[in-house]
Amino acid sequence: MALKSYTITQGRDRAPARAMLKAIGFTDEDLKKPIIGVANTWIETMPCNYNLRELAVKVKEGIRAAGGTPMELNTIAISDGVTMGTEGMKASLVSREVIADSIELVARGHMFDGVIALVACDKTIPGAGMALLRLNVPGLVLYGGTIMPGHHRGKDTTIQDVFEAVGAAAAGRISEEELLEIENTACPGAGACGGQYTANTMATVMEMIGLSPLGTAAVPQVDPQKDEVAFRCGQIIVEAVKKDLKPRDICTRQAFENAIAGVAATGGSTNAVLHLLAMAQEAEVPLQIDDFQTVSNRTPLLSDLKPAGHFVAYDVHKAGGIPVVAKRLVDGGYVDGSCVTVTGRTLA
C-alpha cells in the first residue's frame, strides 16, 4: 500500500526526518505503517473535554493493535457554558475555525494517512468534521461523551438548571443557599453538558452522518465502557485507511439529510443548522438553510430530552444510544439507510 506519509518517512533523502522521529521513540517499523494523526481537544478549562487525554491513550492502543502508528497533536477549545454572558463567549464560534485550521495544518504538514479527532465541547465537533472534510483523508470523529446527571432534591439536573436557578434566586423564588446547592451538584464530573444541547446534538450528527461509528457517542465520558469505545475507534480508523474510505465518500447529500433528521428526531440544538451548513461547504455538498425545515417537517420527534423535554443525555445511553433512534428512522423510511459510514457498513 503506497502511503501518503511515505513522502516524509521513506527513502534515503528522508533520513533526517527519520532521525528526528527516532529521537522520540519511533522505529523504522513504526514509520512503515500508516501514520494516524490523533487530534486531541483536551483542555483544562471545562469538564467537557477533561478526560480526553486518557481516552487518547486507548485510541493509540487501538491504532497500534490494528497495525498503524499514532501521532498525537493538540488543538484548542472554548467552553460556551463557562464563558456565557461575558465578553469571552465571542471567542466560541471563532474557535471552530481555529480548530479546523489547526487540525488541517498539522495533517497536511505531516502528511498523515488518516486522522481521528477526539472532541467534546460544542465547537470542537463541527471543527473536527470540517477539517476532515477539507483534508479528505480517511477520518473519524470520537466524541468524548456526556457528563453524568447531577441530582438535586430527587431530580436529575444539568447545567441548564443552574442557569435557571440564577433567575429563580434573582426573582426570590429560591434562596441563595439553594442556588449554591444546585451549583455544587449539577456537574458531577468530566463530560459535555448533559442535555441535547449543542455538544450532544453534534455528536448525534456525527453518528447519523457516518463520521462516528454508531453506538459510540452516547456512552458517558466517565463510563468504563468509553475506554473500549476509544480502543475500537483506534482500530476502525486504521481499517478506514486500508480501505481508503474518505470523509467525502461518507458525507453525501443523503448523509447530510440523515444528520438533519437525527437532529429533528432528538429535539436537538438549532446550532446544528450553523454547523451542518459549514460542514457541507467543506464537503462541497449543496445544502441550504431551507432544507432543514423540509427534512424536519417529515421527521417524527422520538426523544423527550432537555432542554425542551424531561430527560438527560445519560438516559439516551441507558435506552441504547443513537442506534435506537437510527433504527426507528431507517425502518420508518425517514432516512437513507444505504449511506455508508466510517466502519464501511451502511447506516441500516
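Computed over heavy atoms, backbone and side chain alike; hydrogens, waters and symmetry mates excluded.
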Practice prompt. With rounding to the nearest 0.5 Å, note down the distance linking OG1 in Thr124 to CG in Leu52.
Written response: 7.5 Å

Worksheet item: When you measure from the side chain of Arg96 to the backbone N and O of Gly127, does any donor-acceptor pair fall under 3.5 Å?
Response: no

Discussion item. Quick one, Leu347 with Leu214, criterion side-chain contact (heavy atoms from CB on, under 4.5 Å). Give me CA distance, side-chain angles, the key distance, then yes/no.
Written reply: CA-CA 8 Å; Leu347 185 66; Leu214 273 173; 3.8 Å; yes

Worksheet item: Do Val312 and Val316 belong together in a cluster built from hydrophobic side chains that touch within less than 4.5 Å?
Response: no

Worksheet item: Just by distance, do the side chain of Asn40 and the backbone of Glu72 share a donor-acceptor pair under 3.5 Å?
Response: no

Worksheet item: Where do Leu3 and Ile35 land on the side-chain contact (heavy atoms from CB on, under 4.5 Å) test, with the steps shown first?
Response: CA-CA 9 Å; Leu3 295 170; Ile35 308 294; over 6 Å; no

Discussion item. Between Val342 and Met208, is there shared hydrophobic-cluster membership here, with clusters defined by ILVMFWY side-chain heavy atoms closer than 4.5 Å?
Written reply: no

Item to complete: Determine yes or no for a side-chain-to-main-chain donor-acceptor pair under 3.5 angstrom, with Asn258 supplying the side chain and Val335 the backbone.
Response: no

Fill in: Reported CE-to-CD1 distance for the pair Met206 and Ile250, which is rounded to 0.5 angstrom
11.5 Å

Fill in: Side chain proximity check, Phe256 to Leu276, heavy atoms < 4.5 angstrom
yes

Practice prompt. State, yes or no, whether a side-chain contact exists between Leu31 and Gln10 at a heavy-atom distance under 4.5 Å.
Written response: yes

Fill in: Expected output: side-chain Gln196 to main-chain Ser269 donor-acceptor under 3.5 Å
no

Item to complete: Verify, without hydrogens or angle tests, whether Thr299 (side chain) and Ala265 (backbone) share a donor-acceptor contact under 3.5 angstrom.
Response: no

Worksheet item: Hey, is the main chain of Thr343 close enough, under 3.5 Å, to the side chain of Lys243 for a donor-acceptor pair?
Response: yes

Worksheet entry | Pairwise side chain to side chain donor-acceptor pair (under 3.5 Å) hits with a residue in residues 101-117, at least two apart | Ser5-Asp113, Thr75-Ser102, Asp101-Arg134, Glu104-Arg108, Glu104-Arg134

Fill in: Test: Arg253 and Asp291 ion pair at under 4.0 Å
yes

Worksheet item: Roughly how far apart are Leu302 CG and Lys327 NZ, rounded to 0.5 Å?
Response: 12.5 Å

Worksheet item: Is it true that atom OH of Tyr50 has more than 12 heavy atoms of other residues, nucleotides or ligands lying nearer than 6.0 Å?
Response: no

Response to the item:
CG of Leu133 to CE of Met279, rounded to nearest 0.5 Å, is 5.0 Å

Item to complete: Evaluate the side-chain contact (heavy atoms from CB on, under 4.5 Å) criterion for residues Ile159 and Cys187: first the C-alpha distance (whole Å), next the side-chain angles of each, then the deciding distance (0.1 Å), finally the verdict.
Response: CA-CA 7 Å; Ile159 191 66; Cys187 299; 4.0 Å; yes

Practice prompt. Determine yes or no for a side-chain-to-main-chain donor-acceptor pair under 3.5 angstrom, with Asp249 supplying the side chain and Lys246 the backbone.
Written response: yes

Worksheet item: Is there a donor-acceptor contact under 3.5 Å from the side chain of Lys226 to the main chain of Val219?
Response: yes

Discussion item. Nearest 0.5 angstrom please: Ile24 CD1 to Met71 CE, how far?
Written reply: 6.5 Å

Item to complete: Might you point out which heavy atoms bring Gly234 and Ile116 nearest each other, and give the distance in Å?
Response: N-CD1, 4.3 Å

Item to complete: Please answer whether the main-chain N or O of Thr69 pairs with a side-chain N or O of Lys60 as donor and acceptor at a distance below 3.5 Å.
Response: no

Worksheet item: With the threshold set at 4.0 Å, does a side-chain nitrogen-carboxylate oxygen contact exist between Asp30 and Arg64?
Response: no

Worksheet item: Charged N to carboxylate O below 4.0 Å: is that the case for Glu282 and Arg248?
Response: no

Practice prompt. Check the pair His152 / Asp161 against side-chain contact (heavy atoms from CB on, under 4.5 Å), numbers first and verdict last.
Written response: CA-CA 10 Å; His152 177 68; Asp161 295 280; over 6 Å; no

Discussion item. Measuring only between side-chain heavy atoms, which start at C-beta, is Leu93 closer than 4.5 Å to Leu274?
Written reply: yes

Worksheet item: Quick check: does any side chain N or O of Glu207 sit under 3.5 Å from a backbone N or O of Thr216, one acting as donor and the other as acceptor?
Response: yes

Discussion item. For His275, run the side-chain contact (heavy atoms from CB on, under 4.5 Å) check against Ile125, Thr198, Asp122 and tell me which one passes.
Written reply: Thr198

Worksheet item: Is there a side-chain contact between Val285 and Cys251 (heavy atoms, below 4.5 Å)?
Response: no

Worksheet item: Hey, are Lys242 and Glu239 close enough for a salt bridge, meaning a charged N less than 4.0 Å from a carboxylate O?
Response: no

Worksheet item: OG1 of Thr41 to CD1 of Ile78: how many Å apart, nearest 0.5 Å?
Response: 11.5 Å

Worksheet entry | Same apolar cluster (I L V M F W Y, side chains within < 4.5 Å links), Ile147/Tyr143 | no

Discussion item. Tell me if the CD atom of Glu97 is crowded by more than 12 foreign heavy atoms within 6.0 Å.
Written reply: yes

Practice prompt. Considering only NZ, NE, NH1 and NH2 on the basic side and carboxylate oxygens on the acidic side, decide whether Glu257 and Arg298 come within less than 4.0 Å.
Written response: yes

Worksheet item: Does Tyr197 share a hydrophobic cluster with Val205, counting links as ILVMFWY side-chain heavy atoms below 4.5 Å and allowing steps through other members?
Response: no

Discussion item. Tell me whether Leu140 shares a hydrophobic cluster with Ile63, the cluster being built from Ile, Leu, Val, Met, Phe, Trp, Tyr side chains joined at under 4.5 Å.
Written reply: yes

Worksheet item: Are Phe292 and Leu287 side-chain neighbours, meaning at least one heavy-atom pair lies under 4.5 Å?
Response: yes

